[in-house]
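Encoded as structure tokens, the structure appears first; notes follow it.
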Amino acid sequence: MNITMIGSGYVGLVSGACFADFGHVVTCVDSDASKIERLLRGEIPIYEPGLDDLVASNVRQKRLFFTTDLAPAVKGADAVFIAVGTPSRRGDGHADLSYVFAAAETIGKALDGYTVIVDKSTVPVGTGDEVERIIREANPNADFSVVSNPEFLREGAAIEDFKRPDRVVLGVEDERSKAVMAEIYRPLSLNAPPLVFVNRRTSELIKYAANAFLATKITFINEVADLCEKVGANVQDVSRGIGLDGRIGSKFLHAGPGYGGSCFPKDTLALLKTGQDYSAPLRIVETVVAVNDARKRAMARKVIAALDGSVRGKKIALLGLAFKPNTDDMRDAPSLAIVASLVGDGAKVHAYDPEATSQARPLMPEVVFHEDAYAPIEGADALVIVTEWDAFRALDLEKVKSLLKTPIIVDLRNIYGVDEVRKHGITYVSVGRA
Ligand code: UDX
């Protein structure tokens with residue numbers, strides 16, 4: 001199949017490279033000429049494990065191409081994927097669809113022969129209908145179908161998620177486009193994930209419902225963690241004890257500093273807006289959003305409490321700034337709220353993150369950044385683990401203790417055993433483990 005991917009951001013680039021690796025011929029298009037130039041030079045603009053090799057090998061085998069020129073790329077394509085950004089619109093939380101609609105119009109003008117237009121961007125229910133209308137208006141004689149095919153890629157594990165998905169959701173309105181989509185995903189049949197064919201609006205909603213449910217699961221266990229601290233229970237044991245029930249499932253039950261990232265915060269807000277627009281309010285999701293926002297700020301208070309109620313003039317070492325490990329993404333990272341509160345209360349914050357420093361630097365100008373995990377700890381009044389990078393899981397705790405001015409570790413990801421740390425004579429505060 002000839003596939004054109006519009007938008008060479010995170011989703012477009014990963015999806016394009018994976019489709020090419022399946023044997024399709026893929027052209028990735030982006031209006032940002034400097035991004036395309038970098039990609040043509042073999043530079044990957046985002047940090048995602050394995051993506052550089054995947055891109056390089058498919059470029060070499062002439063199955064993956066990059067261009068800024070959309071019209072010729074659309075003309076020869078069997079399917080054109082729209083994978084552009086849908087950020088939260090400033091002010092009202094609605095998804096900003098201007099990039100999707102602009103892409104639809106340009107595609108419409110360039111269409112030539114039957115083409116399936118596939119919406120991969122996360123878009124509110126009904127957007128497929130609007131994309132169809134825009135294309136029809138731009139090119140009344142065009143022969144096309146519009147399909148919804150949401151992505152469920154986790155940053156840091158995106159290639160694995162693409163190639164071995166739990167399911168592929170496809171919102172189709174006709175048999176012709178269904179056949180094309182089945183052919184595009186046929187290489188997956190070895191791993192036999194279900195191709196879930198539904199109508200387009202259902203597919204659009206599945207994406208939001210999935211993300212809102214996962215955000216709810218995390219927020220639920222975070223509140224249970226707070227209760228564990230009060231009643232002398234252990235949240236990791238609670239997670240295991242409930243997660244082994246197949247109806248609940250063990251994933252996404254790790255208590256922590258609150259969810260962040262490019263999807264959950266934005267998608268929960270957009271779903272709330274859709275609920276309001278259709279007079280079907282999602283009160284549980286509303287609460288999840290509020291509880292998660294409050295939690296990020298509460299994490300700074302946890303650090304302050306561990307330091308006897310004041311951080312004024314104290315040095316705090318933070319390990320991990322990205323919203324989760326294996327990414328350099330700082331969007332809605334809990335570290336942003338934590339740093340803002342600590343700095344606001346007069347702390348001097350020193351930090352290290354294996355990949356996110358250059359993204360974090362402009363967002364937290366007061367922070368002193370270091371090149372390895374031990375450097376920020378030297379002379380610090382406390383060490384705070386914010387993101388659970390593997391590199392932080394086996395720190396030399398004796399060395400940490402000797403570097404710290406006062407031996408306090410606040411571990412917001414529970415990556416150490418309580419006794420394991422305390423036996424070094426370190427005060428250890430974690431999440432939901434009294
Ligand atoms: C998410 C979805 O998983 C993916 O399917 C969707 O397409 C995009 O959004 P991503 O944002 O990359 O992916 O990260 P994910 O691994 O889901 O983590 C999201 C946030 O939840 C992170 O801040 C993470 O630290 C937090 N989290 C996750 C927890 O606090 N506890 C958990 O048990 C799991």
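One-based numbering, in listed order, for ligands and for the atoms of each.
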Task: Minimum-distance protein heavy atom relative to atom 17 (O) of ligand 1 - done: F252 CZ, 3.2 Å
Task: Short N or O distance, F323 and ligand 1, threshold 3.5 Å exclusive - done: yes
- [ ] Specify the protein heavy atom at minimum distance from atom 3 (O) of ligand 1: its residue, its atom name, and the distance to 0.1 Å.
- [x] R154 CG, 3.3 Å
Open item on the list: Below 4.0 Å, non-hydrogen atoms only: which portion of R413 touches ligand 1? Side chain, backbone, both or neither.
Closed with: side chain
Task: Pair R200, S203: side-chain N/O donor-acceptor within cut-off below 3.5 Å - done: no
TODO: Ignoring hydrogens and angles, state whether a donor on the side chain of Y374 or D396 is under 3.5 Å from an acceptor on the partner side chain.
DONE: no
TODO: Would you tell me whether E371 and Y352 have side-chain atoms, one donor and one acceptor, within less than 3.5 Å of each other?
DONE: no
Task: F213 ring center near F252 ring center (under 6.0 Å) - done: no
- [ ] Determine whether the aromatic ring centres of F162 and F19 lie less than 6.0 Å apart.
- [x] yes
Open item on the list: Checking side-chain polar atoms at under 3.5 Å, does D78 have a donor or acceptor matched by the opposite partner on H24?
Closed with: no
TODO: Considering only non-hydrogen protein atoms, determine which one is nearest to atom 28 (C) of ligand 1 and report residue, atom name and distance to 0.1 Å.
DONE: I218 CD1, 3.5 Å
Task: Heavy atom of S262, distance to ligand 1 below 4.0 Å - done: no
Task: Gap between atom CZ of R433 and atom CG of N234 - 0.5 Å precision - done: 6.5 Å
TODO: State if K207 counts as touching ligand 1 under the rule of any non-hydrogen atom under 4.0 Å.
DONE: yes
Open item on the list: How far is atom 23 (O) of ligand 1 from the closest protein heavy atom, and which atom is that?
Closed with: G260 N, 2.9 Å
Open item on the list: Students should be able to answer this: which protein heavy-atom is nearest to atom 33 (O) of ligand 1, and at what distance?
Closed with: H254 N, 2.9 Å
Open item on the list: Less than 4.0 Å is my threshold; does some heavy atom of C263 fall inside it relative to ligand 1?
Closed with: yes
Open item on the list: Both conditions, 6.0 Å and 45 degrees, for the charged tip of R167 above the ring of F152: are they met here?
Closed with: yes
Open item on the list: Can you tell me which portion of K324 lies within the under-4.0 Å heavy-atom range of ligand 1? Options are side chain, backbone, both, or neither.
Closed with: side chain
Task: Residue, atom name and distance, where the atom is the protein heavy atom closest to atom 2 (C) of ligand 1 - done: F264 CE2, 3.7 Å
TODO: Would you check if there is a donor-acceptor pair between the side chains of D174 and S145 at a distance under 3.5 Å?
DONE: yes
Task: N/O separation below 3.5 Å, G261 to ligand 1 - done: no
Task: Test item: side-chain donor near acceptor, R422 and Y416, under 3.5 Å - done: no
Open item on the list: Within ligand 1, which atoms have a heavy atom of E155 less than 4.0 Å away?
Closed with: 12 (O)
Open item on the list: Whether the side chain of S148 engages the backbone of D119 through a donor-acceptor N/O pair (distance < 3.5 Å, no angle test) should be reported.
Closed with: no
Task: Mode of I221 contact toward ligand 1 - side chain, backbone, both, neither (heavy atoms, under 4.0 Å) - done: neither
Open item on the list: Heavy-atom distances under 4.0 Å decide this one: backbone, side chain, both or neither, for L153 against ligand 1?
Closed with: backbone
TODO: Check each heavy atom of E151 against ligand 1 and say whether those closer than 4.0 Å belong to the side chain, the backbone, both or neither.
DONE: both
Open item on the list: Below 3.5 Å, N or O to N or O, backbone or side chain included: is there any such pair between Y259 and ligand 1?
Closed with: no
